[in-house]
Visitor: 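Have a look at this one before I ask anything.
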Amino acid sequence: MPRLEILNMEYCCDVDPVAAVTALKTMQKPRRVILSLCEQFSEDQLRELFLSSSSYEHIDVEKCSCLSVKSVRSILAANPNIKSLMFSPSWGPPPRWVKLIGQYPHVLFSTDLDLMFERCMYPEWLLPGEDF
């Protein structure tokens, strides 16, 4: 696996997440990883994996564990050449997501984040109990 640059493991429900993260971290120059619909991965495991290298250009972890604004920021900071980051966002006030996306105009994000933009277009978009 050290020379592997592209990995596609969609619907990988029988893969042990700890073993997978350990193995994936041995990749020397990963460029493209797709783990969409692999729900057994936690946010911490995904963050650990994508912080272990700075060569990622495309990451697709949609419908895995939801990623927070903080995790997405750290992944983007660790991978300056990233062009595409597809993920399911954890809930957070939409302005935080809008601000993050605005800071990375060169990155293609998942369509789930479009909903955050749409919510910000309406008055009183915050729901009870939500804050900045």
Visitor: To the nearest 0.5 Å, tell me how far Ser36 OG sits from Lys63 NZ.
Guide: 9.5 Å

Visitor: Which pair of non-hydrogen atoms, one from Cys64 and one from Leu37, has the smallest distance, and what is that distance?
Guide: SG-N, 4.3 Å

Visitor: Check this for me: Arg73, atom CZ, are more than 12 non-hydrogen atoms of other residues, nucleotides or ligands nearer than 6.0 Å?
Guide: yes

Visitor: Taking the side chain as every heavy atom from C-beta outward, state whether Leu24 and Pro30 have any atom pair closer than 4.5 Å.
Guide: no

Visitor: Heavy atoms only: give me the nearest Thr22-Thr26 pair and the separation to one decimal.
Guide: O-CG2, 3.6 Å

Visitor: To the nearest 0.5 Å, tell me how far Leu76 CG sits from His106 NE2.
Guide: 7.5 Å

Visitor: Work out which heavy atom in Ala20 is nearest to a heavy atom in Val15; give both atom names and the distance.
Guide: CB-CG1, 3.6 Å

Visitor: Measuring from Arg47:CZ to Ser68:OG, what's the distance to the nearest 0.5 Å?
Guide: 6.5 Å

Visitor: Looking at Cys38 and Cys12, is the distance between their SG atoms under 2.5 Å?
Guide: yes

Visitor: May I have the step-by-step check of side-chain contact (heavy atoms from CB on, under 4.5 Å) for Leu108 and Lys83, ending in yes or no?
Guide: CA-CA 6 Å; Leu108 176 64; Lys83 295 176 179 86; over 6 Å; no

Visitor: Roughly how far apart are Ser65 OG and Gln40 CD, rounded to 0.5 Å?
Guide: 10.5 Å

Visitor: Is there a continuous path of hydrophobic side-chain contacts, each under 4.5 Å between heavy atoms, that joins Phe109 to Phe50?
Guide: yes

Visitor: Grab the two heavy atoms, one from Ala78 and one from Pro80, that are nearest each other, plus how far apart they are.
Guide: O-CD, 3.4 Å

Visitor: Quick one: are Leu35 and Leu46 in side-chain contact, heavy atoms under 4.5 Å?
Guide: yes

Visitor: Same cluster or not: Tyr56 versus Ile101, using hydrophobic residues (I, L, V, M, F, W, Y) connected whenever any side-chain heavy atoms lie under 4.5 Å apart?
Guide: yes

Visitor: For residues Phe41 and Val61, determine if any side-chain heavy atom of one lies less than 4.5 Å from a side-chain heavy atom of the other.
Guide: no

Visitor: Working to the nearest 0.5 Å, report the span between OH of Tyr104 and CD1 of Ile82.
Guide: 10.0 Å

Visitor: Are Met9 and Ile75 joined in one hydrophobic group, where the rule is that I, L, V, M, F, W and Y side chains link up if heavy atoms are under 4.5 Å apart?
Guide: yes

Visitor: Within a reach of under 6.0 Å around OH of Tyr11, are more than 12 heavy atoms found that belong to other residues, nucleotides or ligands?
Guide: no

Visitor: Give a yes or no on whether the backbone of Leu67 and the side-chain of Ser90 come within a donor-acceptor separation of less than 3.5 Å.
Guide: yes

Visitor: Are Ile34 and His58 close enough, and set up right, to give a side-chain contact (heavy atoms from CB on, under 4.5 Å), and what steps lead you there?
Guide: CA-CA 8 Å; Ile34 299 171; His58 176 85; 4.1 Å; yes

Visitor: How long is the gap from CE on Met86 to OG1 on Thr111, to the nearest 0.5 Å?
Guide: 8.0 Å

Visitor: Could you tell me which non-hydrogen atom of Gln45 sits nearest to which non-hydrogen atom of Pro17, and how far apart they are?
Guide: OE1-CB, 3.5 Å

Visitor: Do Leu49 and Lys25 have side chains that get closer than 4.5 Å, going by heavy atoms?
Guide: yes

